[in-house]
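The model shown is predicted, which means the values in this text are computed figures rather than measured ones. So you know, we letter chains A, B, ... as the sequences are listed, proteins then strands, and number each from 1.
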Number of protein chains: 2
Amino acid sequence: MHVAISPVLYVKDPDSSELGRAIIKNSIELISQMGFESFTFKKLGVIISSPESSIYRYFKNKHMLLVYLTSWYWSWTEYRLVFATMNMTSAIERLIKSIDILTQPAQIDNEFSFINEVLLSEIIFSESIKAYHTKNVDDENQKGCFSAYKNVVERVSEIVKEIQPDYPYPHMLVSTVIEGAHQQKYFAAHLPELTDKVNDAKAVPNFYKDLVLNILTNE
Amino acid sequence: MHVAISPVLYVKDPDSSELGRAIIKNSIELISQMGFESFTFKKLGVIISSPESSIYRYFKNKHMLLVYLTSWYWSWTEYRLVFATMNMTSAIERLIKSIDILTQPAQIDNEFSFINEVLLSEIIFSESIKAYHTKNVDDENQKGCFSAYKNVVERVSEIVKEIQPDYPYPHMLVSTVIEGAHQQKYFAAHLPELTDKVNDAKAVPNFYKDLVLNILTNE
DNA sequence: GCAATAATGATAGTAATACTATTATCTTTG
DNA sequence: CAAAGATAATAGTATTACTATCATTATTGC
């Protein structure tokens with residue numbers, strides 16, 4: 001499996017060299033350990049035994065590295081969605097499966113690549129909002145930095161429309177589910193009063209599946 | 001009207017002096033103009049003709065100023081919720097009113113204080129996530145920095161429980177609505193493909209009201 | 001096999017940010 | 001009107017996020 005990433009996200013393709021792959025692999029580990037705020041190219045440089053300046057030859061700055069990681073994650077997730085639902089004829093069944101994939105971090109590292117998908121998905125859940133919540137969103141959006149995410153939202157919205165062609169807010173519904181699930185995980189870990197104590201790890205997926213099925217299948 | 005703010009949020013109460021009030025008033029204007037990322041105490045100092053160091057006597061750093069502003073907003077919003085719903089006997093009616101208040105920025109500056117509530121609510125919609133999405137959340141949460149927000153979520157959750165005592169996720173529902181509404185406004189402005197083109201400014205409130213009423217009033 | 005080219009390493013340097021510290025001046029109040 | 005408290009003026013530091021330069025090491029084309 002190979003995930004295609006838009007060249008606007010990097011200066012030099014990290015998948016084209018050993019150093020590039022080391023940058024990706026170790027940045028995922030470092031960000032998941034210390035959080036994106038504390039992460040710096042200097043610290044990453046120490047770990048991969050390369051100077052900061054070499055990392056800058058691959059990514060304009062640490063923000064673009066995060067955008068790269070989110071783009072990889074969403075392209076990979078689109079692949080997961082397609083693969084997991086391709087044999088399902090029922091649109092409702094496909095939607096349920098999609099919400100399951102979108103509302104929980106990956107469980108197993110497929111080892112398809114040099115990327116640890118479990119750690120990466122945890123990063124996406126807790127940090128991805130920082131990728132598009134910046135003063136440069138408009139610029140970056142116009143360059144196509146967030147296309148992979150938009151494609152996922154669009155694809156799942158199509159299933160919503162199949163189920164309920166008249167429903168006026170399919171994209172709002174899907175992006176609410178995705179972003180909401182990320183936040184609820186964060187709340188559960190840090191601000192538990194904003195969510196509900198549940199013994200069950202499936203609470204977040206179940207909450208969003210209930211919500212979506214209810215609005216789409218009741219008149 | 002006077003909004004009580006926890007002393008842990010400031011070094012010296014900004015409401016206790018002219019300079020303090022100037023800091024709040026002008027920081028709201030500056031943040032809403034340039035965004036929180038670009039905002040610095042140095043720039044604020046130029047505008048209020050005071051040195052940076054004087055601002056530091058009121059707030060530990062710009063992050064704590066944002067936490068102060070969000071706390072003010074949520075205390076004020078709790079007041080608005082109580083005031084707007086106190087004559088309503090129907091729980092559903094109270095919930096609908098509450099969602100209206102929570103899902104759109106304030107329309108008019110009440111001039112109750114030195115705070116421009118319209119600008120502040122816009123800041124909350126676009127930047128408040130940065131107040132609690134940091135490496136120090138746990139510390140700050142433990143100190144009570146986010147109590148005002150939690151109180152609002154708790155209060156509205158109580159209405160949800162009145163309507164549907166068995167519903168297992170009242171807090172998840174309420175925080176999903178609040179945070180979701182903030183994000184959908186942001187998406188509409190910057191990443192429109194993640195939301196739905198709607199001529200109606202009431203789309204976001206309507207979407208969330210539909211969602212909530214559907215899940216609570218259908219079996 | 002070797003020159004040319006590209007990639008990386010080593011090192012230094014800069015501008016901005018986010019503070020902290022010190023002392024002087026001004027303002028308020030008992 | 002003196003003392004206390006608040007603010008102004010100024011300087012300084014550590015860190016971050018880069019940029020620049022040049023030496024060294026790999027890679028590739030002939």
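At the heavy-atom level, Phe59(B) lies nowhere under 4.0 Å from the strands shown. Residue contacts for Ser53(A): at a heavy-atom cut-off of 4.0 Å it reaches a base atom on one of the strands shown. If you check every strand for non-hydrogen atoms under 4.0 Å, Lys43(B) touches nothing.
Across the protein-nucleic acid pair, Glu52(B) atom CD and dA9(D) atom C1' stand 12 Å apart, rounded to whole Å. A straight line from OH of Tyr56(B) to P of dT7(D) spans 17 Å, rounded to a whole angstrom. Remark: P of dT7(D) and CD of Glu18(B) are 10 Å apart, rounded to the nearest angstrom. For the pair Phe41(B) CZ and dC19(C) P, the computed distance is 8 Å after rounding to whole Å. The interatomic distance linking Phe36(B) (CZ) with dT17(C) (C1') rounds to 13 Å, in whole Å. In this structure, Glu37(A) atom CD and dA17(D) atom P are separated by 11 Å, rounded to whole Å. In this structure, the CD1 atom of Ile55(A) is 16 Å from the P atom of dT11(C), given to the nearest Å. Here the C1' atom of nucleotide dT8(C) and the CZ atom of Arg57(A) are 6 Å apart, to the nearest Å.
Distances from the side chain of Ser50(B) to the nucleotides dA8(D), dG9(C), dA18(C) place dA8(D) closest.
Between Tyr169(A) and Phe207(B), the gap from one ring centroid to the other is short of 6.0 Å. The aromatic ring centroids of Phe125(A) and Tyr186(A) lie 6.0 Å or more from each other.
An OP1 or OP2 oxygen of dT15(D) is reached within less than 4.0 angstrom by no side-chain nitrogen or oxygen of Lys42(A). Between dT7(D) and Tyr58(B), a contact under 4.0 Å exists linking OP1 or OP2 to a side-chain N or O.
Lys12(B) contributes no side-chain N or O that, together with a main-chain N or O of Phe59(B), makes up a donor-acceptor pair within less than 3.5 Å. When atom types are taken as modelled, the side chain of Ser71(B) and the backbone of Val67(B) share no donor-acceptor pair closer than 3.5 angstrom.
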